[in-house]
Amino acid sequence: MNNFIRILFSLSVSGSFLAFILILLKPLYKKRTSQKWQYYIWLVVIIRLLLPFNIGFNLLESIYYNACSSLIPPINKTVLAEHYSPETLLPGNGSTPKINQKESINEAKTASGKNNTTLKAKNTVQKLPGKLILFARQNVFYIWLVIAIALFTRKLTVYQGFNNYLKAGAFETNSLNIWETTGILVEKYHIKPNVSIYINNVVSSPLLTGFFKPCIILPSEEIQETDLHNIISHELIHLKRKDMFYKWLVQFTACIHWFNPLIYFIMHETNKLCELSCDEVIIKNLGSKERKEYGNTLLNMADSRRKLKNPGMSVTLNEGSKLLKERLGKIMEFKKKSLSCTVISAALALSLCATAAATGTAGTKRTDNSLELAENNVNNNLENTNIRNASKNRKDTQYSAIKKHIAEGKVVFEDGGYHILCGGVSEKDMSSGGCTDGCISIVLDQPDGYVALDAVSLKKLDTIVDETATSCKYYLKDKSITQKEADLMIGLARLLKDNKGKIDGVTDISASREYKKWKITRKNGSFYYKGKRVRILADFKADKSFVQFSYDEKGTINLKISRNKNGKISKVGYLSKKEAEELLEDWK
């Protein structure tokens, strides 16, 4: 369906291009070509608007291909593979900057909930434009189809209603004069189908209606001989040239290309030229006196007292006062075209046909698959953008959830294992055990048990997110964990991957035994040093990064723990007032 819309739009562009050429060149050919030529040359534009043919060089396809290739880069297979990795089964993927020592404190506090409302509002705003564009793109065919059908149905209904009204108030003429004049002219113009003549005094002008059963409607039987001859001639010329079919072809094209403003100009132009060219056929073999009489006939039939107007789908003698003035001017100025004008007309027609063929449509398959790839990039661009947006939003949720959990002291580290405490589980109630050196594991502790994921080597942390997501998928299926708990586990895996296996702000309770040697104890989640409750506990590695950081409002002392290159505690002392203020400033 999207391919159909692309072809339709390219046809509209090609047809508009030809129409602009005719409009721009009109001052040059208006007086050098016949009205008949000017009338039928628009058929080239109509055919270009309707038929997706391509002959030889295809200008529009080349433009489309180059635009796609330059504006839409090829889809990155690595990016797509990341979006469709096992992790997206939850879903959620993306990338985030690594967290340094100073940022970890600030982000942990932010995750406590102060900016959650703003973040959700921002994510919602970011989703809306993409969703609306994607919805419109997915339904553009149905929008076009409904409007096209509605417009064409209305035209058919109006035309049928007009004909029914004509027939209801009309009667077939009994005038021998009218039938005799009609018979002579039918033979003169070699008209094959039988033509009916009806009288209806509500029509504003004589007209021809009916596709397969043509009927001429006259406003009255009391028409002068000269006027009657000219009227019947005019309508029979319309019938012979099948102008009704031409008009309906233009109407059908207008319904197909309803979104193109230029199509309404084409409708107006062809309606006008239909009458001008018909006049030209009649007067080309008349003398000046007969042409003047023909002009008087047009004036005599311009009766504004009759109210029923032609809806535009039938052919009539008089289309309005403005056109009447132009028609009279053409009749008085008429001159037969010279041979040079005929040659110019033929050359212009051939040039326009060649241009129509060269413009082509953006719908032909190229010998290579470059255009197809470019189209795929265009068609999938919005969808992939939405996948990335959705993945990023999910990822932000996971980060926010786990950081808040860490800030609340509900994530602890013991002997190579990171424990996520859920459902009111405390350090005393959590599962025991860890993993071998050089590995790391994630454990979700629940009131009625725990879920432990396979240990991952510190050298292979690149796989920890995918492996965690895959495991969570199966735990979710058997309802061992909730989606919120899955987000916590995946969020922790992300932090471990980003920070190479060590997360600042997570209490290492495996160091409790070592702390005891330095008279540091832990009770109900709070640290004590020599019987005094610790306010700030900053356990630093030799490279000044945190082993763990703890802040307790009810504490009275600030403690600094230093370690050597082997990771062993080398010194325990008090933080200076300045050091404490700097850490608290970071916290705030």
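Worth knowing before you read on, the calculation uses all heavy atoms, side chains too, and leaves out hydrogens, waters and symmetry mates.
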Chemist: Applying side-chain hydrogen bond (donor to acceptor under 3.5 Å, both in side chains), can you list everything that pairs with T463, at least two apart in sequence or on another chain?
Modeler: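 Expected list: E467.
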
Chemist: Excluding sequence neighbours, so at least two apart, what forms ring-ring contact (aromatic ring centres under 6.0 Å, His included) with F152?
Modeler: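 ring-ring contact (aromatic ring centres under 6.0 Å, His included) check on F152 returns F252.
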
Chemist: Quick one: list whatever passes side-chain contact (heavy atoms from CB on, under 4.5 Å) with A452, sequence neighbours left out.
Modeler: V443, Y450

Chemist: Flag yes if more than 12 heavy atoms outside D454 fall under 6.0 Å of its CG atom; otherwise flag no.
Modeler: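 No, CG of D454 has 12 or fewer neighbouring heavy atoms, counting only those of other groups under 6.0 Å.
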
Chemist: Can you name the side-chain contact (heavy atoms from CB on, under 4.5 Å) partners of V572, sequence neighbours left out?
Modeler: W518, I520, Y529, L559, I561, I569

Chemist: Using salt bridge (charged side-chain N to carboxylate O under 4.0 Å, His left out) as the criterion, list what pairs up with E581, not counting sequence neighbours.
Modeler: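 Checked E581 against salt bridge (charged side-chain N to carboxylate O under 4.0 Å, His left out); zero matches.
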
Chemist: Name all residues meeting the ring-ring contact (aromatic ring centres under 6.0 Å, His included) criterion together with F265; count only those two or more places apart in sequence or in a different chain, and write none if there are none.
Modeler: none

Chemist: Got a sec, which residues hit side-chain hydrogen bond (donor to acceptor under 3.5 Å, both in side chains) with S576, two or more places apart in sequence or on another chain?
Modeler: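 So S576 forms a side-chain hydrogen bond (donor to acceptor under 3.5 Å, both in side chains) with E579.
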
Chemist: Taking side-chain hydrogen bond (donor to acceptor under 3.5 Å, both in side chains) as the definition, give me every residue that meets it alongside D478, ordered by chain and number, with sequence neighbours left out.
Modeler: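 For D478 the side-chain hydrogen bond (donor to acceptor under 3.5 Å, both in side chains) partners, ignoring immediate neighbours, are S480.
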
Chemist: List for me each residue that meets side-chain hydrogen bond (donor to acceptor under 3.5 Å, both in side chains) alongside S16, sequence neighbours excluded, and say none if there are none.
Modeler: N260

Chemist: Taking salt bridge (charged side-chain N to carboxylate O under 4.0 Å, His left out) as the test, write out the residues that go with D539, two or more places apart.
Modeler: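 D539 satisfies salt bridge (charged side-chain N to carboxylate O under 4.0 Å, His left out) with R563 only.
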
Chemist: For the pair R533 and D552, find out whether any cationic side-chain nitrogen is under 4.0 Å from an anionic carboxylate oxygen.
Modeler: yes

Chemist: Can you name the side-chain contact (heavy atoms from CB on, under 4.5 Å) partners of C422, sequence neighbours left out?
Modeler: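 side-chain contact (heavy atoms from CB on, under 4.5 Å) list for C422, sorted by chain: H405, I420, L444, E485, L488.
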
Chemist: Tell me, please, which residues at least two apart from D429 pass side-chain contact (heavy atoms from CB on, under 4.5 Å).
Modeler: V425, S426

